[in-house]
Amino acid sequence: MDKQAKLLSSKLLQKHRLVEVVLNRSVLAWEEAEEGRKRSNSGAAHSHTVQVCEIVAVRKTEDEDDAQKTRKSRKEADQLHPYAFTVSYVRRTRQHQWRCADVTFHCPSQELCEQWIRVTNEQLSLLTDRPKSLLVYINPYGGKRRGKRIYEQKVAPVFRRAGISADVIVTERANHARDHLKTEANLDKYDGVVCVGGDGMFSEILHGLASRTQTDHGVDQNQPDAELVPCSLRIGIIPAGSTDCICFATVGTNDPVTSALHIIVGDSQPMDVCSVHHNDSFLRFSVSLLGYGFYGDLLTDSERKRWLGPARYDLSGVKTFLSHNYYEGTVSFLPAEDNLGSPRDKLQCRSGCRICQHKPSSNDQHGEMSDEKEKSAKGCSSGWTTIHGKFIAINAASMSCACPRSPKGLSPSAHLADGTTDLILVRKCSRLDFFKHLLRHTNKDDQFDHSFVEVHRVRKFRFQPRHHELLSLEDLSEPVQKKAFSPICSAQTTCSYSAAHSSWTCDGEILPHAAIQVSVQCQLIRLFARGIEEQQQQQFVFEDPCTLWPLEQSTN
């Protein structure tokens, strides 16, 4: 790659050392000047680089920002460089966390100082993906009720430094943000929508924004085969909830400052969204987990214990595991046979993921949809696979669902934006076997390597629970099972078998119907994120998301 032309190059003072500072179209770099190294008898120069697209702001350094100089040599040096400007930029720390760091350069003349500020800001103005105006919703009740404080103390100051204006709405009730987005918000004046809260708050924003988009384009989202219109506004997530699964899966950490910086630099991560229907009625959108059986029972039970806070999930998890319920039904799915990846290929979705970039074109999707409609009209189910059985859990993971407790997630190789979801079927098995399966969510072993577990990468699927009917001889020969959600019995043999249905949990919400049909809407939304960066990407060298280039090698 050809070296880029230098926009500016000057010898400036930084921490009382003379440094050579160079700015080109994509990189700001500085290293100790040769005469400075000779004076200090230092060895090789230490170079520092900042990608222009990761500069937060450039401003003139105020006099009061400078620390008092105590040494005469420092004072004399500063007198030769009395003007200064400060560059705020993204600095990576441990475990994918970002921080806003500052570096101050002292200039010998006011004209040179102003030139550096002007030219650098001109380069920042060329980054058109950066938001200038945001609509922010804060959930004051989610998690530990820290949302408002997190925004005011950690996020708002960074937004102000970057010159971003924000209209803030503190929600007053459930679905306040969803309803406001659907009907009242003037979205034309914003470059993005930000939610401060947990996964539930994000779900509100998703539903409000996606529904508003379909309404504005005249799309009936109650039709299961409708081709939904992607949302034009990006969504930012400032984590402040009990669970922040979506933030963790798209950024790699649940840290408010890191998320704020991803918003500032204008990152853009496309995401698939599952539309869930019952007959011809739209139920909900899902971006992370659809779970029937174990996870549906767990969430249903935990909702009765909200007063316990996050601890309710642990208690309900133990209770649901000991109940060991199973449910009978029929699963039909359309495999993603043309997809590059598979659920067990151990290829994790990371920043710049080639599998997500190889998504089907809109023409291919439209053609596939037309073919399916034609086959349905003829009563043909070609391409679909049907499985009938007894299941402890049926899960559809549209992302890895990784979180601090499960670093790999429910489906480690699931992808954010490839137009598929991973359908995981856990058939009826012993309690010990199911425990082994759950345990593998917390370690590096293959959680699908069990005879009672199967996983399929699909574009659509349907589930029909067994209708309540008379018990067959086979059912009578099965070990007795408790009624769903019933208290744990002291003597299990006294419990009676029931064909009761479980419930679906959809991103933390309980669906009112067990019979559902699900379609993956490829890249329906975009987040202010870039996916989890690989370790080598942490060293400031990337492939995309803001047209980054390798650092020029020093000739010294």
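All values derive from a computational prediction rather than experimental measurement.
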Practice prompt. Answer yes or no: is there a side-chain heavy-atom contact under 4.5 Å between F463 and T330?
Written response: no
Worksheet item: If you take all heavy atoms of C245 and C401, which pair is closest and at what distance?
Response: SG-CA, 3.7 Å
Discussion item. Side chains of R526 and S268 only: does a donor on one sit below 3.5 Å from an acceptor on the other?
Written reply: yes
Practice prompt. State plainly whether the residues K436 and D449 are in salt-bridge range, i.e. N to O under 4.0 Å.
Written response: no
Discussion item. Walk me through whether L283 and C506 qualify under side chain to side chain contact (heavy atoms under 4.5 Å, CB included).
Written reply: CA-CA 10 Å; L283 299 180; C506 176; over 6 Å; no
Fill in: Step-by-step salt bridge (Lys or Arg N to Asp or Glu O under 4.0 Å) determination, D255 to R99
CA-CA 10 Å; D255 174 64; R99 288 293 176 263; 2.7 Å; yes
Worksheet item: Is NZ or CZ of R462 both nearer than 6.0 Å to the six-membered ring centre of W384 and within 45° of the ring axis?
Response: yes
Worksheet item: Taking D507 for the side chain and S288 for the main chain, is one N or O donor matched with an acceptor at less than 3.5 Å?
Response: yes
Discussion item. Please tell me whether S519 and S275 have a donor and an acceptor in their side chains that are separated by less than 3.5 angstrom.
Written reply: no
Fill in: Note, D272 side chain near Q523 side chain (heavy atom, < 4.5 Å)
yes
Discussion item. So I205 and R178, do their side chains get closer than 4.5 Å, heavy atoms only?
Written reply: no
Item to complete: Let me see the working for Y292 and Y295 under ring-ring contact (aromatic ring centres under 6.0 Å, His included), right down to the final yes or no.
Response: CA-CA 6 Å; Y292 183 83; Y295 288 105; over 10 Å; no
Worksheet entry | From V276, N395, L423, I394, residue fulfilling side-chain contact (heavy atoms from CB on, under 4.5 Å) relative to L290 | V276
Response to the item:
salt bridge (Lys or Arg N to Asp or Glu O under 4.0 Å) with E54: of R92, R91, R130, only one passes, and it is R92
Worksheet item: Just by distance, do the side chain of D418 and the backbone of I355 share a donor-acceptor pair under 3.5 Å?
Response: no
Discussion item. For the backbone of A185 and the side chain of R212, can you confirm whether one donor and one acceptor N or O come within less than 3.5 Å of each other?
Written reply: yes
Fill in: Positive for ring-ring contact (aromatic ring centres under 6.0 Å, His included) with F294, one of F434, Y326, F321
F434
Discussion item. Can a side-chain donor-acceptor contact be found between R284 and S203 if the only test is distance below 3.5 angstrom?
Written reply: yes
Item to complete: Examine distances only and state if a side-chain atom of D301 and a backbone atom of T320 form a donor-acceptor pair shorter than 3.5 Å.
Response: no
Worksheet item: Ion pair present between D179 and R173, side-chain N to carboxylate O less than 4.0 angstrom?
Response: yes
Worksheet item: Would a distance-only check, ignoring hydrogens and angles, find a side-chain to backbone donor-acceptor pair under 3.5 Å from T442 to L439?
Response: yes
Practice prompt. Supply the atom-to-atom distance S351 OG to I532 CD1, rounded to the nearest 0.5 angstrom.
Written response: 10.0 Å
Discussion item. Distance check, rounded to the nearest 0.5 Å: K182 atom NZ versus L209 atom CG?
Written reply: 12.0 Å
Worksheet entry | Interatomic spacing from CG in L127 to CD1 in I264 - rounded to 0.5 Å | 13.0 Å
Discussion item. Determine whether a donor-acceptor pair (N or O, by modelled atom type, separation under 3.5 Å) exists between the side chain of D244 and the backbone of N254.
Written reply: no
Worksheet entry | Residue among L181, V168, V196, V170 satisfying side-chain contact (heavy atoms from CB on, under 4.5 Å) with Y137 | L181
Discussion item. With a 4.5 Å cut-off on side-chain heavy atoms, are P256 and I150 touching?
Written reply: yes
Item to complete: Decide, yes or no, whether a salt bridge links E533 with R530 under the criterion of side-chain N to carboxylate O below 4.0 Å.
Response: yes
Item to complete: Decide whether D297 and Y327 meet the rule of one side-chain donor and one side-chain acceptor closer than 3.5 Å.
Response: yes
Practice prompt. Check whether any side-chain N or O of D280 sits under 3.5 Å from a backbone N or O of Q223 as a donor-acceptor pair, and report yes or no.
Written response: no
Practice prompt. Over all heavy atoms of both residues, which pair between G531 and Q269 is shortest? Give the atoms and the distance, please.
Written response: N-OE1, 3.4 Å
Worksheet item: Between I237 and M201, is any pair of side-chain heavy atoms under 4.5 Å apart?
Response: no
Discussion item. With side-chain hydrogen bond (donor to acceptor under 3.5 Å, both in side chains) as the criterion, how do T258 and T253 come out once you've worked through the C-alpha distance, each side chain's angles and the decisive distance to 0.1 Å?
Written reply: CA-CA 8 Å; T258 301; T253 182; 5.4 Å; no
Worksheet item: Hey, are the side chains of W98 and V251 touching, using non-hydrogen atoms and a 4.5 Å cut-off?
Response: no
Worksheet item: Which pair of non-hydrogen atoms, one from A210 and one from Q221, has the smallest distance, and what is that distance?
Response: O-OE1, 4.4 Å
Discussion item. Checking H388 against E328: is there a side-chain donor and acceptor pair closer than 3.5 Å?
Written reply: yes
Worksheet entry | S281-N279 side chain donor-acceptor pair, cut-off 3.5 Å | no
Discussion item. Would the distance check show the side chain of T171 and the main-chain N or O of A177 forming a donor-acceptor pair, the cut-off being under 3.5 Å?
Written reply: no
Practice prompt. Indicate the atoms forming the closest heavy-atom contact of Q447 with S411, along with that distance.
Written response: NE2-N, 4.0 Å
Worksheet item: If you measure from CG on L289 to SG on C274, what distance do you get to the nearest 0.5 Å?
Response: 10.5 Å
Item to complete: Could you walk me through whether L410 and M399 pass the side chain to side chain contact (heavy atoms under 4.5 Å, CB included) test, one step at a time?
Response: CA-CA 8 Å; L410 288 179; M399 59 173 62; over 6 Å; no
Worksheet, complete the sentence: Heavy-atom nearest pair, V287 first then I525, reads CG1-CD1, 4.4 Å
Fill in: G291 backbone acceptor or donor facing W504 side chain under 3.5 Å
no
Response to the item:
Between S259 and P239, the two heavy atoms sitting closest are OG-CD, 3.4 Å
Practice prompt. Answer yes if the side chains of H441 and S406 hold a donor-acceptor pair under 3.5 Å, and no otherwise.
Written response: no
Worksheet item: Do L298 and T300 touch side chain to side chain, with heavy atoms closer than 4.5 Å?
Response: no
Practice prompt. Report the relative orientation of the aromatic rings in F285 and H207; use parallel for angles under 30°, tilted for 30 to 60°, perpendicular for over 60°.
Written response: tilted
Practice prompt. Please state whether the rings of H278 and H513 are parallel, tilted or perpendicular, taking 30° and 60° as the class boundaries.
Written response: parallel
Worksheet item: Does the separation of the ring centres of F528 and H262 fall below 6.0 angstrom?
Response: no
Item to complete: State whether D167 and K189 are salt-bridged, where the test is any N-O pair (Lys NZ or Arg NE/NH1/NH2 against Asp/Glu carboxylate O) under 4.0 Å.
Response: yes
Worksheet item: Can you tell if the side chain of V520 reaches within under 4.5 Å of the side chain of S398, non-hydrogen atoms only?
Response: no
Worksheet item: Given S342 and R457, is the side-chain hydrogen bond (donor to acceptor under 3.5 Å, both in side chains) satisfied, shown in steps?
Response: CA-CA 6 Å; S342 69; R457 185 152 289 175; 5.9 Å; no
Item to complete: Could you tell me whether R440 and D446 have a side-chain N and a carboxylate O separated by less than 4.0 Å?
Response: no
Discussion item. To the closest 0.5 Å, what do you measure between CZ (R431) and OG (S323)?
Written reply: 8.0 Å
Worksheet item: Hey, what do you get for CG (N139) to CD1 (I169), rounding to the nearest 0.5 Å?
Response: 13.5 Å
Worksheet entry | Donor-acceptor under 3.5 Å (H437 side chain, H450 main chain) | no
